[in-house]
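Below, each value reflects all heavy atoms present in this structure, side chains not excepted, and no hydrogens, waters or symmetry copies. A note on names: the letters A, B, ... follow the listed sequences, proteins ahead of strands, and every chain is numbered from 1.
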2 protein chains.
Amino acid sequence: MITASNAAKQDFLPVLRELVRAYQAFASFDANGYQGTGLTVPQADVLFTLGNTAGLSFKEIGESTLITKGTLTGVIDRLEDKSLVKRRVSNEDRRVTKVVLTKKGMRLFEEVFPRQISYIKKRFDLLSKAELAAIKKSLHRLHTIFS
Amino acid sequence: MITASNAAKQDFLPVLRELVRAYQAFASFDANGYQGTGLTVPQADVLFTLGNTAGLSFKEIGESTLITKGTLTGVIDRLEDKSLVKRRVSNEDRRVTKVVLTKKGMRLFEEVFPRQISYIKKRFDLLSKAELAAIKKSLHRLHTIFS
DNA sequence: TATTGTTATACTCTATAACTATA
DNA sequence: TATAGTTATAGAGTATAACAATA
């Protein structure tokens with residue numbers, strides 16, 4: 001009889017459940033952090049992507065946030081309605097629209113971003129360095145098997 | 001100077017990114033598996049929850065899938081429109097509606113569930129037993145810090 | 001009074017594909 | 001022809017709160 005060196009028959013199902021639960025727990029914790037900002041998660045995602053840049057094209061934002069271009073138009077529209085970003089047609093290539101934070105958007109970014117990071121950091125601080133390293137390695141490995 | 005035994009200052013940010021990317025990679029892979037079934041992910045989630053049960057109440061389905069009751073009504077409506085489930089008012093407590101798979105729903109469950117599991121298993125089979133165990137432990141630890 | 005599920009409201013995001021302007 | 005972004009289409013899920021039926 002050959003001993004399997006790979007993962008045994010059905011052992012992955014509990015791991016799958018843990019993946020989903022762990023992510024849901026994080027996502028829900030993260031979303032709670034945006035309470036009172038008026039931002040949805042995708043909107044915050046875009047705001048954080050634009051922070052500390054001189055503006056990015058739709059293409060660049062889409063690549064970073066994994067929001068597809070059709071959806072991104074709507075997300076940017078809603079951020080523009082709140083005067084948090086503005087569109088600027090690029091001079092080099094007039095097909096390209098750069099999205100830039102307004103003063104108001106920059107102020108919101110500077111308020112919400114560090115707060116959200118420290119809010120999340122508090123939970124990661126519960127981990128030892130070794131645990132954090134092990135988790136990073138595990139997540140990276142998971143990422144590779146699904147790519 | 002006191003040496004920090006917990007996670008160092010900003011080291012958690014890359015881990016956070018890995019968590020999001022790993023989950024997104026899995027979610028997108030998983031969603032691809034439902035191609036051709038006519039099911040959305042939440043619908044498949046409900047179908048899989050109902051499989052091998054004699055029917056569950058909205059409350060039970062909501063607890064298992066983390067779909068809130070208002071949303072669940074719509075999801076069940078769409079599954080009912082496709083004749084995959086039916087509603088049955090409980091005799092014990094007439095406030096309770098049990099959701100039960102129809103014959104058609106059961107056939108779909110029996111076709112899609114094992115296929116989806118084996119589709120995902122192929123990826124987990126790329127892991128050694130030790131890797132799988134480490135990943136499970138990491139995910140569980142992540143889950144606990146966000147709960 | 002409390003609980004179960006429904007309904008209504010109002011958004012927000014999703015994928016997909018056709019379309020416009022520009023390169 | 002190819003690319004960047006917009007628009008149209010058609011869902012689908014979200015939170016929230018008021019509601020009806022039942023306990």
For B/Leu72 and for A/Pro42, locate the closest nucleotide of DNA chain C by heavy-atom distance; then report the residue assigned to the nucleotide nearer the 5' terminus.
B/Leu72
Value rounded to 0.5 Å, distance of CG in B/Leu101 from OG in B/Ser83
12.5 Å
A/Tyr34 atom OH is separated from D/dA15 atom P, nearest whole Å, by 16 Å
Is any side-chain nitrogen or oxygen of A/Arg87 closer than 4.0 Å to OP1 or OP2 of D/dG5?
no
D/dA15, OP1 or OP2 - any side-chain N/O from B/Thr68 closer than 4.0 Å?
yes
Check this one for me: any side-chain N or O of B/Arg95 less than 4.0 Å away from OP1 or OP2 of C/dT6?
no
First encountered from the 5' end of DNA chain C, between A/Leu66 and A/Glu92:
A/Leu66
Atom pair distance, as rounded to whole Å: CG in B/Asp77 and C1' in D/dG11
14 Å
Are the side chain of A/Ser64 and the backbone N or O of A/Ile61 linked by a donor-acceptor pair below 3.5 Å?
no
To the nearest Å, how far apart are B/Glu60 CD and C/dT3 C1'?
14 Å
Could you tell me the separation between the CD1 atom of B/Ile76 and the OG1 atom of B/Thr73, rounded to the nearest 0.5 Å?
8.0 Å
Gap between atoms CD and C1', on A/Gln35 and D/dA15 respectively (whole Å)
10 Å
With a 4.0 Å cut-off on heavy atoms, is B/Lys69 in touch with a base, just the backbone sugar-phosphate, or nothing at all?
base
Spacing between A/Asp93 atom CG and D/dG5 atom P, to the nearest angstrom
9 Å
Does any donor atom in the side chain of B/Arg141 or B/Thr144 lie under 3.5 Å from an acceptor atom in the other side chain?
yes
Give, for atom CG of A/Leu142 and atom CD of B/Glu131, the distance between the pair rounded to the nearest 0.5 Å.
10.0 Å
If the cut-off is 4.0 Å, is B/Thr73 near the phosphate of C/dG5, judged by side-chain N/O to OP1 or OP2?
no
Among D/dG13, D/dA4, D/dT6, the one nearest any side-chain atom of A/Val96 is D/dA4
Nearest to the side chain of B/Val75, heavy atoms from C-beta on, is which of C/dC13, D/dG13, C/dT22?
D/dG13
Is B/Thr71 touching bases, backbone alone, or none of the nucleic acid, heavy atoms closer than 4.0 Å?
base
Nearest-Å distance, CG (B/Asn91) to C1' (D/dT22)?
14 Å
How many whole angstroms separate atom CD1 of A/Ile61 from atom P of D/dT6?
10 Å
Should B/Thr40 be listed as having a side-chain N or O under 4.0 Å from OP1 or OP2 of D/dG13?
yes
Between P of C/dG5 and NZ of B/Lys98, the distance in whole Å
9 Å
